[in-house]
Amino acid sequence: MSIRRSAVLAGAVALALSLTACGGSSDADGNDTGNTGNGADGGSAGGAESNETRVFGADNGDITIPADPQRVVATGYAVPVLIEAGAPLVGISSWQRGEPMMNEEDLATYEGITRVAGELAAETNYEAIAGVEPDLIVIGVPAPVLGDLDLDRLESIAPVVAIGPTIPSAWRELSRLQADAAGALERFDEVQAEYEAAAAELAEKYADVLPDLDFGHIGAYGEVAGGTFQREFGGSWGTNVAEDIGANYYGEVKEPGPGSRAVSEYPSIEELPDALGDAEAITYTVNADGSVPEPVQYVMDSELWQNLPAVKAGMTFPVRYTEAATYRQAVLALEALDESFAPLLDR
Amino acid sequence: MTVKDREARRTGTARGAPQVGLLLGGLALLLVIAVISVGIGARSIPPAEVIRALLAPAGTDDHVIVRELRLPRALLAVAVGAALAVAGTLIQTMTRNPLAEPGILGVTAGAGFAITLGSAYGLAAGPAGTMGFAILGSVLAAVLVTAVGRHSPLRLVLTGVALTAVLGGVALGLRLMSPNVFDVYRFWSVGSLASREQAPILVPVTAVVVALACALLLGRSLDALALGENVAHTLGTRVNRIRGAVLVLVTVLSGAATALAGPILFVGLMVPHLVRRVAGGSVPWLLAHSMVVGPILLLFADIGSRVLLPTGEVPVAIVTAFLGGPMLIWAVRRYGAGTL
């Protein structure tokens with residue numbers, strides 16, 4: 001189930017330490033301010049085999065990296081980003097959760113590149129990384145998971161930049177940083193422009209309906225504990241792309257935490273009427289194949305769900321590809337939202 | 001204060017204490033806590049509305065919460081608490097081992113292994129699938145342990161421990177190889193009463209009720225067995241038959257409880273110790289008191305699990321262990337461990 005897989009990297013920490021669910025939890029500020037390196041103008045400079053270097057701001061500090069890397073290893077969230085951006089990848093980690101969102105070309109690229117790590121950061125094969133002789137290693141895992149890696153050993157192979165997820169909506173900035181580090185901004189910008197054009201078109205299409213509605217969202221990110229549900233607010237996995245086309249998610253987290261906990265919470269099912277009673281429309285996460293994840297099904301099977309005004313009014317909308325964390329994946333999410341919201345235009 | 005009084009105070013009750021009165025008092029306390037359990041939750045519902053929900057439901061959100069969420073959950077806590085406590089009492093009495101608990105037959109490990117295996121093949125999906133595999137694993141593990149170790153309590157315990165280790169190791173390997181399987185297991189492995197209202201609980205709850213009744217019928221025979229096998233033989237007790245019946249009951253009770261709520265290990269160990277002095281050495285009374293104190297403990301822990309966090313819930317198994325550990329230490333220090 002792809003939604004469940006989305007908790008795997010965070011689950012690596014849970015596996016080692018506790019049964020506590022964790023989202024990406026590195027400090028958002030840390031990543032935002034970490035972009036103090038050369039920015040966009042440094043990424044595309046230099047020719048092949050250039051010995052030029054530049055200093056790049058990452059989660060693990062200011063790192064001196066090649067100005068034009070030729071052999072890049074990517075792990076975690078950096079894998080789909082750098083495949084889309086056409087970075088010169090020579091090794092990647094396994095990234096099964098992203099496979100349903102890859103197009104044929106990207107999937108072929110993904111399957112053709114040497115695997116140097118498993119799904120979990122702890123499954124990194126250092127010898128395999130050394131074997132592909134990278135000149136840059138881009139680590140895309142949450143900051144807490146960095147502890148599962150032997151950074152010293154990686155740095156003895158090649159410069160390492162760690163750029164991991166923070167809050168869900170930050171994939172835009174973080175993916176740009178990853179592409180920048182790998183010297184692959186040109187193609188990245190093309191896909192970004194494609195997404196922004198598609199989002200603008202949909203925003204215009206739904207301008208008369210979406211902004212006037214107060215939305216709520218039922219998510220399935222991570223494994224939701226029994227008796228609870230995931231409510232996602234603006235800027236979360238299930239909401240951030242919809243916001244780009246004008247959807248407005250009301251409310252905020254009661255007890256904000258780090259990472260995704262800043263934009264989503266897991267209240268008791270008893271709180272469903274209070275949480276979504278004022279929602280005029282409700283979106284809910286579904287898997288890439290359209291099936292309903294177990295945590296969402298639990299909510300939908302509850303009588304409390306049937307009592308919600310939005311549900312009674314038929315204003316519920318499934319959302320696929322809520323795990324989108326690259327612009328090309330987000331284009332898929334836009335198409336799915338368009339399909340889901342289409343009935344609104346007839347109301 | 002006489003020596004006899006001091007002894008009575010030390011042991012918590014006199015041998016000739018009115019057991020019926022104590023049991024009725026326990027039942028009254030159970031009723032009160034059950035009512036509180038239905039009245040308390042993440043959503044604040046006035047007591048009058050709770051009563052209206054129970055007596056004249058109108059389908060409002062408050063009534064739905066009381067009738068569809070809290071009431072089934074309270075009943076589940078009663079069933080699971082009684083099942084675990086009585087299973088613990090039975091296994092401790094039969095093995096004459098104060099450290100024995102229902103999981104010693106490999107029931108919990110069997111359920112965990114079956115869920116892991118079922119998840120790996122995509123079969124243990126949803127509440128019904130998970131529960132089905134838990135029941136299957138519990139029963140198979142218990143049957144295997146019983147088949148190998150039925151000839152003596154010591155062999156039974158050692159077989160259970162060995163099987164638990166083997167199943168636990170294999171299941172851990174499977175979970176480490178598959179993050180999806182790990183995801184399914186990690187929440188099941190912390191026992192909880194939440195979200196079970198949508199699961200098909202009728203069959204396991206019925207099995208618990210029947211097994212509890214059978215356990216009470218076995219009480220007098222266990223009284224003889226508690227004196228030792230030789231004495232029991234002398235008294236005309238069919239030791240092997242009683243032992244077999246106890247194993248079946250422990251399997252049904254702990255298997256059903258594990259299927260309903262996941263592993264909640266501490267109740268089965270702790271409750272017999274808490275009530276042993278009160279029962280005054282009588283196994284039938286020990287079973288009866290366990291049947292009341294187990295649900296009280298679990299209901300109390302379940303209330304805590306709902307109110308401890310500002311949002312969300314703490315799995316009841318964590319609260320049970322957190323409260324139960326100190327409680328057991330206090331009871332042992334205050335009254336001693338009691339004799340088996």
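In what follows, chains carry the letters A, B, and so on, assigned in the order in which the sequence lines appear, proteins first and then strands, with residues in each chain numbered from 1.
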Discussion item. Within the supplied structure, the quantity of interest is the number of heavy atoms (other residues, nucleotides, ligands) at a distance under 6.0 Å from B:Phe300 CZ; does it exceed 12?
Written reply: no

Worksheet, complete the sentence: Value for CD (A:Glu270) from CG (B:Asp62), rounded to nearest 0.5 Å, stands at 9.5 Å

Discussion item. Heavy-atom count check: over 12 atoms from other residues, nucleotides or ligands less than 6.0 Å from A:Glu252 CD?
Written reply: no

Practice prompt. Mind ranking B:Ile318, B:Asp61, B:Val64 by heavy-atom pairs under 4.5 Å with chain A and telling me who comes out on top?
Written response: B:Asp61

Discussion item. Report which part of B:Arg70 has an atom under 4.5 Å of a heavy atom belonging to chain A: side chain, backbone, both, or neither.
Written reply: side chain

Worksheet item: Is there any residue in residues 46-53 of chain B with a non-hydrogen atom under 4.5 Å from a non-hydrogen atom of chain A, and which ones are they?
Response: none

Worksheet item: So with a 6.0 Å cut-off around CZ of B:Phe322, is the heavy-atom count from everything else above 12?
Response: no

